[in-house]
2 protein chains.
Amino acid sequence: MSLRNALLAMLTSQPMTGYDVYKNFQTSVGYVWHAPDSQIYPELRRMEQDGLIRGETVPWGKRGTKKRYAITEAGVESFQAWLNTPPEYQRERDPVRLRAAYLEWAEPEASSEFFTAHIAYHSARIEDWKDMIRTLRDHSNPTLAKRIEGKASGEADRITAYKVFAYEGMIARAEAEIAWAERGLELVETLERRG
Amino acid sequence: MSLRNALLAMLTSQPMTGYDVYKNFQTSVGYVWHAPDSQIYPELRRMEQDGLIRGETVPWGKRGTKKRYAITEAGVESFQAWLNTPPEYQRERDPVRLRAAYLEWAEPEASSEFFTAHIAYHSARIEDWKDMIRTLRDHSNPTLAKRIEGKASGEADRITAYKVFAYEGMIARAEAEIAWAERGLELVETLERRG
DNA sequence: GGGCACTAACTATCGTCATAGATAGTTGGT
DNA sequence: ACCAACTATCTATGACGATAGTTAGTGCCC
């Protein structure tokens, strides 16, 4: 159900083709949700069938066409209803902690490498998200720009603030991962050098 | 693939029936992985077929039997191979951040409630995990007790340390979530009272 | 015009996971 | 003996998601 909501979220900015949506999963919503094109297109068709979005065939190039989807009023209401309903938490599966809990079976070098790679992964993610926050703050992100187009400046700031906050949350989370993994490196050092 | 590794991890402690495994997903590995019984039993059968575990039918009550699975040498090697191979990261989907990024569409009361519930959820998880750490530290956790049975005390400490560390990682993560959600409450207060 | 990269959209297969059951034996309490 | 809770195991259905393709049009550069 959350792919549907991610798609609705994205379409609140502006109408888009399936391909726009796919590319946008690299930018606006992209870091909090993702789907390959093979999942996007069928879902957009289902949503259209359900009345949440409306597709319009528009010209593309000399003779071609493409289909652009716009969110409907029912789509906005559905999205709002989702936002106004507290999330249900599912039991999470954490391959990284599963691994960490059983490192007594691993090679010490592999354990260190795991934590080092974990730090690298999350550090790179943080850079991505900091860039993202920059483009949100200066309104250079195209999707956000479209979303706040014509809005009063207070309202534009409000809309922007929630998105910045979401990315800050992702950074905070990644920072916690890095701190934990650094302790992991120390733990391996301690446990495996002494044995 | 990680259900398989979670099952192998669990079976490094002692042989278990499918039901033992299912119940144990509430205790030892339970907080880093989970599967319902309907997924456990078929996977155990597949693993047996693949030679990673060996099933033995044992008496149960007056006339009944149950099947207990033990990890094989090949199973241990497969588990170690997994541990010694760095994890591949998948694009994560974060329904909570998706929600946060679009709260401009939500009722302010619902937004506050969302953050409040998020804090409550993670606080409760932290309590669970702290309890878990206690049972790991004092070796009262039955699965860990079985795992370290007959081990030298240094080795027992080492095995325990990794598990404690994994749970500390989960707590650290939950604490970051709580801190973020608290900032979220402030943000809602700021953005929605002023408008 | 040809080729390449991009835009636009699609099919297929299968793994992972959620959920709703179901059957049947064992144990312990009344 | 009966019943409820637990132990033990299973089937079925469908949603969600990964991956590996595919076709075809557009635009730009050589």
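So you know, we letter chains A, B, ... as the sequences are listed, proteins then strands, and number each from 1. Hydrogens, waters and symmetry mates play no part in the numbers below; they use all other heavy atoms, side chains included.
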Nearest whole Å is fine: how far is [N] [atom2] from [X] [atom1]?
| X | N | atom1 | atom2 | result |
| --- | --- | --- | --- | --- |
| B:W33 | C:dT16 | CH2 | P | 10 Å |
| B:K62 | C:dT27 | NZ | C1' | 8 Å |
| B:Y41 | C:dG21 | OH | C1' | 15 Å |
| A:Q39 | C:dC14 | CD | P | 16 Å |
| A:D94 | C:dC17 | CG | P | 13 Å |
| A:R45 | C:dC10 | CZ | C1' | 7 Å |

B:F165 ring center within less than 6.0 Å of A:F115 ring center: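 Between A:F115 and B:F165, the centre distance is under 6.0 Å.
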Donor + acceptor pair across side chains of A:S2, A:N5 (<3.5 Å):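 The answer is no; no qualifying pair exists.
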From the options B:L8, B:L44, B:I71, B:L7, select the one residue that forms a side-chain contact (heavy atoms from CB on, under 4.5 Å) with B:L52.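 Answer after filtering B:L8, B:L44, B:I71, B:L7: B:L8.
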When the nearest nucleotide of DNA chain D is assigned to A:T65 and to A:E43 on a heavy-atom basis, which residue is associated with the more 5' position?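 Checking each residue's closest nucleotide, the 5'-ward one belongs to A:E43.
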If you assign each of A:A35 and B:Y22 to its closest nucleotide in DNA chain D, which residue comes earlier from the 5' end?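 Result of the comparison: B:Y22.
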Among C:dA12, C:dG21, C:dA20, which nucleotide sits nearest the side chain of A:S38?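 Nearest nucleotide to the side chain: C:dA12.
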So, B:R137 and B:E168, do they make that salt bridge, N to O below 4.0 Å?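 B:E168 and B:R137: salt-bridged.
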In Å and rounded to the nearest 0.5 Å, what is the CD1 to CZ distance from A:I53 to A:R46?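 If we round to the nearest 0.5 Å, A:I53:CD1 and A:R46:CZ are 10.5 Å apart.
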First contact, last contact: which nucleotides of DNA chain D are these for chain B, 5' to 3', heavy-atom distance under 4.0 Å?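 The protein-touched segment is D:dT7 to D:dA18.
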Has A:Y19 got a side-chain N or O lying under 4.0 Å from the OP1 or OP2 atom of C:dA9?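 Negative; the distance criterion is not met.
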Any chain of hydrophobic side-chain contacts (each under 4.5 Å) joining B:M16 to B:W60?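 Unlinked, B:M16 and B:W60 end up in two clusters.
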